[in-house]
J.: 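First the structure, then my questions, so here it is.
Fair warning: this is a prediction, and the values are worked out from it, not measured in the lab. Start at 1 and go down the list; that is how both ligands and their atoms are numbered.
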Amino acid sequence: MSTTAAIHPPADFAAGARISSRAAYDELRRLALADPEAFWSARARAGLHWFTPFETVLNWQPPFAEWFTGGTLNACTNCVDRHLTGSRRNKAAIIWEGENFEQRILTYQELHRRVCKLANVLLGLGYKKGDRAIIYLPMIPEAAVAMLACARLGIIHSVVFAGFSSEALRTRMDDLEAQLVITADAGRRRGKEVPLKKNVDAALEHCPGIRHSIVYRHTGAAVEMREGRDLDWTELMRGSAESCPAEPVPSEHPLYVLYTSGTTGKPKGVVHSTAGYLLQTQSTMEWVFDLREEDVYWCTADIGWVTGHSYIIYGPLAAGATTLMYEGAPDWPEPDRFWRLIEKYRVNLFYTSPTAIRSFIRQGNAYPERHDLSSLRLLGSVGEPINPAAWNWYHAIIGGSRCPIVDTWWQTETGAILLSPVPGAVATKPGSATLPLPGIDADVVNLKGEPVPDGEQGYLILRTPWPSMLRGLYRDPERYQESYWSRYPGRYFTGDAARRDADGYYWVLGRVDDVINVSGHRMSTMEVESVMVRHPAVAEAAAVGRPDELKGQALVVFATIKGGTAPTSALAHELRAWVATEIGSFARPEEVRLVEGLPKTRSGKIMRRLLRELVTTREVKGDTTTIEDYSVLLKLSGEGKDEEELLLGKPAAS
Ligand code: WTA
């Protein structure tokens, strides 16, 4: 591991890079660690537009941080208005391509016009600073317009991934006590329509707090519009004025809440601030992507996830980039769609996930080879550990062995990339996110919180606050404290295991909690379990992750069923569909195994660790498994002595 040969930044890349040598980079990191407040303060003053300058850089009352207090600013001004005074005003801010090949380009000026119009609409409907809006939209420019219009008025937005079900949408609306929802008639995915407005209607049956839903007509699908509540986006925009002053908000004003999976059944509403969040997303656009004025930058994430927030919208727009947005699936109408897009728009910086890369490998080299990918200058990866084979393929076949790869580690909670190579300065090793970025004080520790020696596995923690860190969980300070700060008081617990090698490089190994990572989507096993037990046939359920060559991890659910129900494979199939309906189709379990009993401790806790080992180490399929197989596993896992405490049942059917 530690001896992996490093790949040095290509000389021509380094020559043109902002940070072009390891020495320069080390000096930047040294300065940032020596005096983080001076470091961030200088960047914040120079890098952001302020209405009122801040007075205090950091107020750290663990675990609560406030950055840049006393200052006021506006995220929308920083992402749009400040680019209108010079040559950027006619630069493409967003290049959009629909799944059906439709194309739209919004310059910064045009983006400004639309955002102002929508902001005026919202004002006209009575919305103001501190109100909460749910955004449930497909990957269309209107999603950016909606986010920025909210930001312009200080309305806190919460984007809900368009793949979520109406039930998941309802839970988020409820928790956020949202007053407004912005949606579309439908989205497009692999040639089919995703009925967004219908899902909103179902959710609104139970959300009396929502006063309006604004509906953008995207596909033209027939929708029901309820008088007084449902409003047509285009009609509202028609009469709306084109200028709208931005609301100055304090640095710490929440920009958005994004729900993510935690270790319980209830999603966590991660709260991000305005100033610190913008500063760090913008800074990482420069450090990690080495953004140049003329670049076309493409992040393939969905705006429903944090990567979409930080690296399609806020980071790139704050940095004045041209950001490409693509609506649909990577394999539609053919598996070469991404490569076609890169060729067509001459994309320079490309940021995607290891799962996507592995599926491209499966489809074969013929698809990328059909296209001219020579515009690419840099490749990025995010969301899960990238295995060296996928890294090497990405490097050779997509990057033509010419582009550095930035393997970026971060989380919904961290807001911005924290570990990543700086491409002109840091040599890469396939599978390692390399080094902490400037201002990031990471460590790998044991259970007691002591640093582990190089090469040993431990828990990844962050020892000091950083500007884009989450400010809390929405209306739940106890859970915030408990989830991230209780294990190592004063230090942030990431939930990831990692190793650091002799060169100081970090190798992130994956989650150590009940969160699993399927295709780069974070999922809570507890959330899946609580959905399972809501099904009338299910008595108990335990969900675990199984290593999967394509998706990183696949979801396997063990379930016991209530007396009188037959454990048929039809039922197992129905239960998979049930989870997909209740959460969203991306959460559909790979496998549901109906068993007679689940392994438990004497106190009645389900031993998920055992089930994890079972699915990881064994290819056990349905009826062929015997009780003996489980007990052997029990001994192997060191639980032999507790064997009699375990009521492990025989799988009934798979
Ligand atoms: C995992 C996505 C290894 C990790 C931005 C983390 C990674 C979780 C990497 C956060 C990486 C993300 N290498 N693991 N480069 N990037 N992860 O909140 O387990 O959806 O804790 O944020 O993804 O997922 P989230």
J.: Quick check on the 6.0 Å ring-centre criterion: do Tyr394 and Phe360 meet it?
T.: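 For Tyr394 and Phe360, the ring centres are not under 6.0 Å apart.
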
J.: Does the plane of the ring in His272 sit parallel, tilted or perpendicular to the ring in Tyr277? Use 30° and 60° as the thresholds.
T.: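 Judged by the thresholds at 30° and 60°, the geometry between His272 and Tyr277 is tilted.
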
J.: Pairing donors with acceptors under 3.5 angstrom, does anything connect the side chains of Thr414 and Tyr492?
T.: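 Checked: Thr414/Tyr492 side chains show no N/O donor-acceptor pair below 3.5 Å.
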
J.: So, Glu99 side chain and Glu327 main chain: donor-acceptor pair closer than 3.5 Å or not?
T.: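 Here the side-chain-to-backbone pair does not exist.
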
J.: Within the supplied structure, the quantity of interest is the number of heavy atoms (other residues, nucleotides, ligands) at a distance under 6.0 Å from Gln457 CD; does it exceed 12?
T.: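 Yes, CD of Gln457 has more than 12 neighbouring heavy atoms, counting only those of other groups under 6.0 Å.
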
J.: Taking non-hydrogen atoms within less than 4.0 Å of ligand 1, which protein residues qualify?
T.: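 Residues Val306, Thr307, Val382, Gly383, Glu384, Pro385, Asp407, Thr408, Trp409, Trp410, Gln411, Thr412, Asp496, Val508, Arg511, Asn517, Arg522 each place a heavy atom under 4.0 Å from ligand 1, listed by chain and number.
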
J.: Using only atom types and a distance under 3.5 Å, with no angle test, would you say the side chain of Arg18 pairs donor to acceptor with the backbone of Leu291?
T.: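 Checked: pair present.
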
